[in-house]
Amino acid sequence: MKIGVFDSGVGGFTVVRELLRLIPQVPIVYFGDTARAPYGTKSRRTLVEFAMEDARFLMEHGAGMIVIACHSAASTATDELKRCLDIPIFDVVSPSIEQACNLTKNKRIGLMGTRATVSSGIYAEKIPKKLPGARLFQQPCPLLVPLVEEGWLKGRETRMIVKKYLRPLKNQQIDTLILGCTHYPLLKDVIREKAGKRIKIVDPSLEVARQVAEEINRKKALQGSDQLVQEIPHRFFVSDLTPHTEDIVASFLGMRVRLERI
Ligand code: DGL
């Protein structure tokens, strides 16, 4: 069983990093749509179309389950993928909502994300269903993806921008904050510092990886064998490749990997 992971580009490597930590023995096939990124600025219709193509590409390369690592794609296209594809689909949105609802005490939850994720309305729809009375406060943060891709993870400018994005959420007295974009886990230290100790942070890359690991371990237990453990190397595909892409991936993963251009 291969795990297929897709994202608009390199951000999904935050999910790959967690999967490698939790279930290093399970082969991953990754697709980063670097030629068509960013997804965070695209319309719902385009995102559904791209997500379907990305998932089908992974299935053609042997994926037996799909992880939608891209929040912009997950918040707009998960239902469509689940309806059309005949394999298990995991996404970064559902486990984050679950965790945020478990953590919040005052039922005031904040979300940082791309414009596509925020305007999808999925969190605002699902959170009160999961936790009656809970309220969601959202903040689009379009400047954060380029900052992360430039490696500006801790500088003065980044801290100022994070502080500015967080202010409206803090004014709403949120006690839980969802990092609703693949890139934000790399800013976790700055976000934690600017959010303050009172606010609990939900990292979706961790949550979805935990969910996938549980499913894999459950399957292994059912099959009673190591059928899922194979000697197949991971494969990492991208639709455009530059030396900078390789550098960003290395910073996301903490190691260099071979990227294949499709
Ligand atoms: N991967 C995207 C997301 O999580 C961020 C980058 C982009 O906009 O493509 O929404």
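Just so you know, ligand 1 is whichever comes first in the structure, and atom 1 is the first atom listed for that ligand.
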- Query: Using 4.0 Å as the upper bound for N to carboxylate O, is an ion pair formed by Glu215 and Lys219?
  - Reply: yes
- Message: With rounding to the nearest 0.5 angstrom, report the CZ to CD1 distance, Phe237 to Ile262.
- Response: 8.5 Å
- Query: Step by step, would you call Tyr39 with His71 a ring pair (Phe, Tyr, Trp, His ring centres under 6.0 Å)?
  - Reply: CA-CA 9 Å; Tyr39 278 14; His71 293 251; over 10 Å; no
- Item | Asp7: numbered ligand 1 atoms lying under 4.0 Å from its heavy atoms | 1 (N)
- Atom CG of Asp54 and atom CG of Leu81: how far apart are they, to the nearest 0.5 Å? 8.5 Å
- Message: Within the 4.0 Å heavy-atom shell around Tyr39, which atoms of ligand 1 are there?
- Response: 7 (C), 8 (O), 9 (O)
- Leu187 and its side chain to side chain contact (heavy atoms under 4.5 Å, CB included) partner, picked from Thr158, Ile161, Leu179: Thr158
- Ranking Gly40, Ala73, Cys181, Gly32 by closest non-hydrogen atom to atom 8 (O) of ligand 1, top hit is Gly40
- Task: Go through ligand 1 atom by atom and flag the ones less than 4.0 Å from a non-hydrogen atom of Ser8.
- Result: 1 (N), 2 (C), 6 (C), 7 (C), 9 (O)
- Item | Closest protein heavy atom to atom 10 (O) of ligand 1, given as residue, atom name and distance to 0.1 Å | Ser72 OG, 2.6 Å
- From the list Ile3, Val16, Ile28, side chain to side chain contact (heavy atoms under 4.5 Å, CB included) with His234 holds only for Ile28
- 4.0 Å heavy-atom contact, Gly11 with ligand 1: no
- Contact (N/O only, under 3.5 Å) between His183 and ligand 1: no
- At a non-hydrogen distance cut-off of under 4.0 Å, which region of Thr182 contacts ligand 1 (side chain, backbone, both, or neither)? both
